[in-house]
Every structure is written in structure tokens, then in C-alpha cells.
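Just so you know, these numbers come straight off a predicted model, no measurement behind them.
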Amino acid sequence: MLSSFVRSAFRKTSGVCLLGQNAVRAMSSSDGPFTSLLVSHPTEAITHVELNRPEKRNAMNRAFWSEMVDCFNQIAEDSDCRVVVVSGAGKIFTAGIDLMDMASDILQPEGDDMARNSWNMRKIITKYQETFSVIERCPKPVLVAVHGACVGGGVDLITACDIRLCTQDAWFQIKEVDIGLAADVGTLQRLPKVIGSRSLVNELALTARKFYADEAKSCGLVSRVFADKEAMMAAAMEMAGEIASRSPVATQGTKINLIYSRDHSVAEGLDYMATWNMSMLQTQDVMKSAQAAMEKKSLKTVPFSKL
């Protein structure tokens with residue numbers, strides 16, 4: 001039923017799930033309304049973050065790098081939000097970094113000598129790294145839906161998300177070696193932990209070859225492939241609705257512990273989990289979920305408190 005509703009909504013809005021201006025909560029950058037993102041709320045519990053420079057193929061300009069940080073920091077504190085969907089407006093997901101807009105930052109760091117140039121360049125790089133680390137650090141599960149091209153910084157972005165979906169026409173490219181640099185905002189660190197084959201990661205990063213939806217599915221970069229954007233977005237929203245219907249104590253705790261365990265030993269992960277749940281098990285959500293199961297009721301009917 002939810003899938004049919006979402007498909008209908010997307011048809012009415014030409015591929016963008018919006019419910020009018022009232023659907024946009026008070027989210028903005030420190031300098032005013034977002035210019036590179038469109039934030040909407042298909043339901044109270046779901047936040048849809050859309051890369052919104054379709055005329056520039058959603059290339060990542062100066063505004064994007066700071067607005068993503070502002071946006072996800074606000075989402076992290078939004079007790080109404082239980083799950084996030086990220087997508088791109090227009091014909092493709094993203095063409096990656098906007099080189100024309102970003103050239104001065106990348107090529108002309110300020111400083112009186114090499115040491116100071118390097119110091120300032122490091123500050124710039126770590127600032128850009130935060131743009132995607134903030135997604136991973138956000139306690140709300142983040143689904144990303146990719147259509148068309150996902151190039152360069154787009155791969156950095158999606159590897160920081162929790163669930164990745166794509167269309168059959170999607171293609172991916174770790175482009176950085178083609179422009180004379182090593183990817184430095186997350187792909188080389190996260191992709192090896194997403195894809196099981198280190199050899200494949202090395203090949204993709206060193207050759208900058210394109211790879212397509214079927215290969216992305218077979219290597220584990222994405223979990224599902226859809227015929228077109230409409231079908232993908234309908235499925236993404238339905239999946240987001242399923243996640244949002246669960247206890248936020250459970251879903252947010254699951255995300256945080258999955259990431260912790262990825263970066264630690266099994267013993268360390270178990271110890272952290274025990275410490276986490278010694279407090280988180282003391283919630284009414286467990287009894288509410290168990291009662292719904294015994295009564296064969298959908299969790300969508302359970303009034304979980306906000307978190």
C-alpha cells in the first residue's frame with residue numbers, strides 16, 4: 001500500500017516527493033536557506049535530502065560542502081526524523097566535485113611558505129571530509145538512491161550511507177586519479193569495508209574505470225537495483241517507512257553499533273554492545289514491540305516515543 005502511495009506521489013511531482021512548502025521543516029545553513037539541497041518530509045518520520053543543482057548535474061560546489069554538514073547536524077537533532085533518504089534531482093545523481101567552483105580552494109592554499117600552505121591545505125581537506133563523515137555519524141539510518149552517474153565525490157557520499165540502492169542505468173566512477181589526485185574524502189577508507197574484494201577496490205581506484213549497476217550489485221556496493229528512478233524512489237520510501245515504524249531506540253542503536261563493530265574487533269564490539277544495551281534495554285519500546293508481535297499488529301500502529 002505504501003509503495004502505491006509513494007508511486008502516486010512521485011507521478012504527481014514529476015519524480016520529486018514533495019508535499020508542498022509546509023513539508024519543509026526549518027532547516028537551513030548558517031548563511032540562510034540551502035542552495036544546493038532540497039529538504040522535504042514525505043512523512044513526519046522520513047526526511048528526504050535531495051542534491052538540488054540539476055542544471056549543473058548536481059556537481060558539488062562550495063555551498064554543498066558546508067550545507068551537507070549543517071543539514072545532517074540538524075537531522076541528527078531532529079527528534080521527529082527516524083530515517084533519511086538521499087537522492088539527486090534531474091538526470092543524474094551527481095557529477096562529483098564542481099572543479100570550476102572549487103579550484104581556488106584546492107589549487108591555491110594560503111600561506112607564507114610550504115609549511116603554512118600545507119597546514120592550511122590539511123584544514124581544507126579535513127573540512128571536506130566532514131561533509132560525508134557527518135552522514136555516517138548521524139544516528140538516523142540513511143538510505144541513498146542513485147540514478148544515472150555517480151562520479152568522484154558521489155562515491156565518497158554513498159559509501160558513508162547505510163543502505164545503497166540504484167537504477168539499472170546507474171554507473172559509478174572513482175574519478176580522482178584522472179584529475180591528478182588520490183581520493184581524499186572517504187572512498188579509499190570506506191569502500192574497502194563495503195566491497196569484499198580488495199583487488200577490485202584497488203582496480204577501480206587506480207584505473208578510474210566506470211562500473212555499472214550489475215557489477216555494483218554483485219560486489220556489494222548496492223543491495224538492490226531497480227528498472228528506473230520512479231520504481232527506485234518508491235522502494236526507497238517504502239523501505240524508509242518500514243525502518244521508521246520500528247523503535248528509534250532500536251534502529252539508531254543498531255546503526256551506531258554496526259559502525260562501531262566495523263572498525264573494531266569482535267570482542268571490542270561485543271563489549272561496546274553490552275555497555276550500550278545495559279541502558280538501552282531499559283525502554284518501554286521492547287514491551288511495546290513484543291506486545292504488537294503477540295497481537296499480530298503492525299509496528300506502524302505502535303506509538304513509540306520520539307528520540
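Looking at residues two or more places apart in sequence or on another chain, you find a side-chain contact (heavy atoms from CB on, under 4.5 Å) between Ile92 and Arg57, Ala95, Ala149. Under the side-chain contact (heavy atoms from CB on, under 4.5 Å) criterion, Asp112 pairs with Arg116, sequence neighbours left out. In this structure, the side-chain contact (heavy atoms from CB on, under 4.5 Å) partners of Val201, at least two apart in sequence or on a different chain, are Leu191, Pro192, Ile195. Applying the side-chain contact (heavy atoms from CB on, under 4.5 Å) rule to Ser199 yields the partners Ser197; only residues at least two apart in sequence or on another chain are considered. Remark: Phe211 engages Phe172 in a ring pair (Phe, Tyr, Trp, His ring centres under 6.0 Å) (not counting sequence neighbours). For Arg209, the salt bridge (Lys or Arg N to Asp or Glu O under 4.0 Å) partners are Glu203, Glu215, not counting sequence neighbours. With sequence neighbours left out, the salt bridge (Lys or Arg N to Asp or Glu O under 4.0 Å) criterion links Lys297 to Glu295.
Looking at every heavy atom in both residues, Pro248 comes nearest to Ser305 through CG-O, 3.5 Å. When all heavy atoms of Ile46 and Met237 are compared, the closest pair comes out as CD1-O, 4.0 Å. Closest heavy-atom contact between Gly88 and Lys229: O-NZ, 2.8 Å. Residues Gly90 and Pro54 come closest through the heavy atom pair CA-CB, 3.9 Å. Summarising the geometry of Gly186 relative to Thr159, their closest heavy-atom pair is O-OG1, 4.4 Å, with the distance given to 0.1 Å. For the residue pair Gly148 and Thr167, the shortest heavy atom distance occurs at N-OG1, 3.8 Å.
Every pair passing salt bridge (Lys or Arg N to Asp or Glu O under 4.0 Å) that includes a residue from residues 149-167 is listed here, sequence neighbours excluded: Asp162-Lys255.
A heavy-atom distance below 4.5 Å is not found between the side chains of Lys56 and Asn61. With contacts defined as side-chain heavy-atom distances shorter than 4.5 Å, the pair Gln129/Gln189 does not qualify. Asp263 is listed as a side-chain neighbour of Lys193, based on a closest heavy-atom distance under 4.5 Å. Asp80 has its side chain within reach of Lys306: a pair of non-hydrogen atoms, C-beta onward, lies under 4.5 Å apart. Within the 4.5 Å cutoff, no side-chain heavy atoms of Asp101 are placed close to those of Trp65.
Remark: Asn277 CG to Leu281 CG distance equals 4.0 Å, nearest 0.5 Å. Here Glu55 contributes atom CD and Asn52 contributes atom CG; the two are 8.0 Å apart, rounded to the nearest 0.5 Å. Atom SG of Cys161 and atom CG of Leu143 lie 8.5 Å apart (nearest 0.5 Å). To the nearest 0.5 angstrom, Ser289 atom OG is 9.0 Å from Arg246 atom CZ. With rounding to the nearest 0.5 angstrom, the CG atom of Asn73 is 7.0 Å from the CD atom of Glu130. A distance of 4.0 Å separates CZ of Arg190 from OG of Ser133, quoted to the nearest 0.5 Å.
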Output a table of donor-acceptor pairs, distance under 3.5 Å, between side-chain atoms of residues 174-184 and any protein atom two or more places apart or on a different chain; print 'none' if there are none.
| unit_1 | atom_1 | unit_2 | atom_2 | d |
| --- | --- | --- | --- | --- |
| Lys175 | NZ | Asp178 | OD2 | 3.3 |

- Task: Carefully, step by step, assess Leu157 and Met68 under the rule side-chain contact (heavy atoms from CB on, under 4.5 Å).
- Result: CA-CA 10 Å; Leu157 190 163; Met68 283 288 282; 4.1 Å; yes
- Give the intermediate values and the outcome of side-chain contact (heavy atoms from CB on, under 4.5 Å) for residues Phe132 and Thr187. CA-CA 10 Å; Phe132 303 131; Thr187 290; over 6 Å; no
- Between Lys300 and Glu242, does a salt bridge (charged side-chain N to carboxylate O under 4.0 Å, His left out) hold up when you go through it step by step? CA-CA 8 Å; Lys300 292 182 175 69; Glu242 289 296 327; 2.7 Å; yes
- Please walk me through it: do Val144 and Val142 pass side-chain contact (heavy atoms from CB on, under 4.5 Å)? CA-CA 7 Å; Val144 64; Val142 180; 5.6 Å; no
- Message: Applying side-chain contact (heavy atoms from CB on, under 4.5 Å) to Trp171 and Val151, what does each step give before you reach the verdict?
- Response: CA-CA 8 Å; Trp171 56 272; Val151 178; 3.7 Å; yes
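At least one donor-acceptor pair under 3.5 Å links the side chain of Lys140 to the backbone N or O of Ile75. Under a 3.5 Å cut-off, the side chain of Asn257 and the backbone N or O of Gly253 do form a donor-acceptor pair. Side-chain N or O atoms of Gln168 include none that pairs as donor or acceptor with a backbone N or O of Ala227 at under 3.5 Å. At least one donor-acceptor pair closer than 3.5 Å links the side chain of Lys288 to the backbone N or O of Pro303.
When only modelled atom types and interatomic distance are considered, Thr35 and Arg62 share no side-chain donor-acceptor pair under 3.5 Å.
If you chain together ILVMFWY residues whose side-chain heavy atoms come under 4.5 Å of each other, Leu299 ends up grouped with Val302, Phe304. Hydrophobic cluster membership for Met114: none, as no Ile, Leu, Val, Met, Phe, Trp or Tyr side chain comes under 4.5 Å of it. Residue Leu307 is found in a hydrophobic cluster whose other members, listed by chain and number, are Val249, Ile256, Tyr260, Tyr272, Met273, Trp276, Met280; membership requires side-chain heavy atoms under 4.5 Å apart, directly or through intermediates.
In this structure, Leu51 is a member of the same hydrophobic cluster as Ile158, with clusters built from ILVMFWY side-chain heavy atoms closer than 4.5 Å. Residues Val85 and Ile243 share a single hydrophobic cluster, defined by chaining ILVMFWY side chains whose heavy atoms lie under 4.5 Å apart. Linking ILVMFWY side-chain heavy atoms closer than 4.5 Å, directly or via other members, places Ile135 and Phe34 in a single hydrophobic cluster. Transitive grouping of hydrophobic side chains (ILVMFWY, heavy atoms separated by less than 4.5 Å) brings Met60 and Leu99 into a common cluster. One hydrophobic cluster, built from ILVMFWY side chains closer than 4.5 Å, holds both Val185 and Val49.
Few gaps surround CZ on Arg137; more than 12 heavy atoms of other groups in view lie less than 6.0 Å from it. In this structure, Lys123 places its NZ atom where only 12 or fewer heavy-atom neighbours from other residues, nucleotides or ligands lie under 6.0 Å away.
Of the residues listed (Asn58, Thr94, Asp98), the one engaging Arg53 in a side-chain hydrogen bond (donor to acceptor under 3.5 Å, both in side chains) is Asp98, and it is the only one.
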